[in-house]
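Numbering of residues begins at 1 and proceeds along the displayed sequence.
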Amino acid sequence: MPRGRTALLFSLLLLLSLLAPSPAARAQPADAIYSGGPILTMRGAAPEYAESLAVKDGTILAVGRKLDVARHAGPTTRQVDLAGHTLLPGFIDTHGHMVYFGKNLVDADLFGSKDIPELVARMTAHADKVPAGGWIVGFGYQAKLMADKRTPSREELDRISTEIPVMIVDSSGHAGAGNSKLFEMAGIDADSPDPAGGLFARGPDGKTLLGPMEETALNAVRSKRPPFTGALAAAAITGAAKRWASYGQTTAMEAGLGLGSDDIGIVLQTIEEKLLPIDLYVAAKDSTVDAALAAAYRVGEAVEAADGTGDVATRLLAARPDLDRRYVNRVRLGGVKFWLDGSLDTAWMNEPYATNPPGKTGEYRAYRQIPDEVLEAAFNRFWPSDFQIHMHMNGDAAADQALKAIEKAVAKHGMYDHRPVFVHASFLRDDQIAKLKKYGAVPSFLTSGLLPGGEAVVQLWGEDRAAESMATRTMLEEGIPFTFSHDAPVSPEPWILELVRCGVNRKTPSGRVIGPDQRIPPYAALRAVTAMAAYEIKEEKSKGTLEAGKLADLVILEKNPLQVPSDTIGDIAVLETIKEGKTIWRRGEK
Ligand SMILES: [Zn+2]
């Protein structure tokens, strides 16, 4: 481990020991005391309620019986009446893409476009808001769900503008289209070859660009987009953070920093301008990890070198007197992200699919995305460190690749508390679940993604694999920590209670229950977005439960999720989100 991180870790431990509650601290009056509604601490395997909770200087001063907590009341203490509403630890995003989501926010919203004329109209309306030098970009349409059942053509997009590049990207992020100006700016013409792993749609002559593009071809064009800087970058970040807070989250994640070439710059600007009201855990895309680490070390060294002379580092530290100094102005680089396979119809499996996706023949099992050696090198490098490895995987063959890399790292370095994250981990065999437990890996399930797609999963993977997918009941019985994550913008919103609802009921929109044996109680599902979520990102010492000494990261819900019909958990309103004692979002505010 480079010296900088180790030193930061020691300063964190020292700080934690200094901040342990002492008799003197207990005598101090609280800033606020909450009571008058259920206070669910999320500690332990069964629900535990407190009557009252006191906050002081951004941390929880006391939680427990009303009479005991009342001892912390002073003349300046604010008494907050929950009025029957429920107080919980702030929710933690364990796999989302807040930066990517933010960029989409400043683009035209194409979700739910009924047909191509509507899409073109939305893009045209958006064009006025695009700053000079920018592109007109829209995100979120689904070609299959539009009346035209196809992606708009280059000629149709030329109606929006012939002077400014126009780019649309579908809700999966893997396909899109552009106008003539876009291809001109990107230097792509009829004679340009398709890149490996992607394609530009062509006319009957096999050359003329029709507009639509997929995968690496789309990425090649997208990478030419002018970078998000200045006010545009700030709007993207603050808009996304507000959206996260509106769903009760006090910690967000960007699990793919480097998907855009301007991402590191955006995050550095976020730190410098103190743009975030909530914490942001960043995992750098595999190819970006060295650049991201270099940037993080520069920030970290600046913080360490602070000497009170009023330089940037001193200002950064002064602005963030929190418990966990791994964050600098609410941002920390926590890990690296690899993609081991694709989505539901490209999940890399050991056994053939039950039904092949369209266009696939023979015994289809999908395929690997990266060589074993690449992943093994990463584990060799990061396994003994604090820097977590996150791996996107849907099929069991992808999980095998991950487990093999972990086994090699353990053989070489010994066991460490690394907590590799198995992102999605949609289908794992029982023998893999046993290994997951042995090596301390944490699966993060996209419950709200697999279940609406449940019928498709049954068809693609067959009844058995679908029923055993997201094996939450098995994990609960085995004592394996697991989390729920929305992967927004893959989920259209960074919702949390919707994840809980889907994890509890495992019901598709048509009412079919996928794997009834794997359903879990609402309390266990809530732990997957609070206590276990904090554990996944190695922040359980300061977040995830309501306990004295932890951060006062809180959410107030209109109703108690443990006392409503489980089908309605997703509909419970978030009334207020509180980060370190400060209200950062309230229902009704924009
Ligand atoms: Zn993701």
Side-chain angles (χ1 to χ4, degrees), residues 97-143 146 151-188 200 209-213 217-243 254 258-270 273 275 488-489 492-493 590:
H97 299 272
M98 201 190 82
V99 174
Y100 184 24
F101 189 97
K103 288 177 168 179
N104 291 342
L105 267 185
V106 302
D107 294 337
D109 178 3
L110 301 179
F111 274 98
S113 295
K114 286 192 303 294
D115 51 25
I116 289 173
E118 183 186 327
L119 182 152
V120 169
R122 289 196 198 183
M123 289 291 282
T124 305
H126 175 70
D128 296 339
K129 290 187 264 169
V130 174
W135 290 7
I136 305 167
V137 179
F139 172 78
Y141 72 93
Q142 286 175 283
M146 292 199 293
T151 303
S153 68
R154 178 169 58 87
E155 280 166 12
E156 283 161 332
L157 297 177
D158 280 342
R159 282 179 221 152
I160 300 159
S161 179
T162 53
E163 306 291 310
I164 302 170
V166 172
M167 180 174 73
I168 57 170
V169 178
D170 80 356
S171 65
S172 77
H174 293 265
N179 70 346
S180 301
K181 191 72 183 176
L182 181 80
F183 291 110
E184 188 193 314
M185 292 283 281
I188 309 269
F200 295 106
L209 296 169
L210 295 181
M213 48 193 160
L218 173 64
N219 292 343
V221 172
R222 185 156 43 185
S223 69
K224 302 278 173 30
R225 185 176 186 178
F228 276 69
T229 55
L232 193 62
I237 285 292
T238 54
K242 195 157 237 186
R243 195 71 72 89
E254 172 46 64
L259 282 168
S261 57
D262 47 5
D263 283 359
I264 289 179
I266 294 174
V267 170
L268 289 175
Q269 182 186 343
T270 300
E273 296 179 6
L275 296 176
E493 291 291 328
K590 280 227 165 156

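- You'll find the side chain of L182 stays beyond 4.5 Å of the side chain of V166, heavy atoms only.
- Taking both residues in full, the closest heavy atoms of R243 and L105 are given as NH2-CD2, 3.1 Å, listed atom of the first, atom of the second, then distance.
- Using a 4.0 Å cut-off between a side-chain N of Lys or Arg and a carboxylate O of Asp or Glu, E163 and K181 do not qualify as a salt bridge.
- Side-chain contact check for V221 versus L218: every heavy-atom pair is 4.5 Å or farther apart.
- More than 12 heavy atoms of other shown residues, nucleotides or ligands fall within 6.0 angstrom of atom CD in E273.
- Residues satisfying the ring-ring contact (aromatic ring centres under 6.0 Å, His included) test with F139, not counting sequence neighbours, are F111.
- Counting only distance, with no hydrogens or angles, the side chain of T270 and the backbone of I266 share a donor-acceptor pair below 3.5 Å.
- A side-chain donor-acceptor contact under 3.5 Å links N179 to the backbone of S161.
- Rounding to the nearest 0.5 Å gives a distance of 7.5 Å between CD of E155 and OG of S180.
- P152 has its side chain within reach of M146: a pair of non-hydrogen atoms, C-beta onward, lies under 4.5 Å apart.
- The two atoms that bring W135 and I164 nearest to each other are CA-CG2, 4.3 Å, heavy atoms only.
- A pairwise comparison of heavy atoms in Y100 and G173 identifies OH-CA, 3.9 Å as the closest pair.
- Closest of all the heavy-atom pairs between P226 and G133 is CG-O, 3.4 Å.
- A side-chain contact (heavy atoms from CB on, under 4.5 Å) with E254 is found for one member of V267, V99, I237 and no other, namely V99.
- Ion pairing between R225 and D262 fails under the 4.0 Å rule for side-chain N and carboxylate O.
- Shown here for Q269 and G230, the closest heavy-atom pair between the two residues is NE2-O, 3.0 Å.
- Looking only at side-chain heavy atoms (C-beta outward), K103 and D263 come within less than 4.5 Å of each other.
- Considering OG1 of T151 and CD1 of I168, their distance stands at 6.5 Å, rounded to 0.5 Å.
- To the nearest 0.5 angstrom, L110 atom CG is 9.0 Å from E118 atom CD.
- Side-chain contact between R222 and M167 is present, with at least one heavy-atom pair separated by less than 4.5 Å.
- A donor-acceptor pair is defined here as one N or O able to donate and one able to accept, closer than 3.5 Å; such a pair exists between the side chain of R122 and the backbone of D109.
- Taking every heavy atom of both residues into account, L209 and R154 meet most closely at O-NE, 2.8 Å.
- To the nearest 0.5 Å, atom NZ of residue K129 and atom CD1 of residue I136 are 12.0 Å apart.
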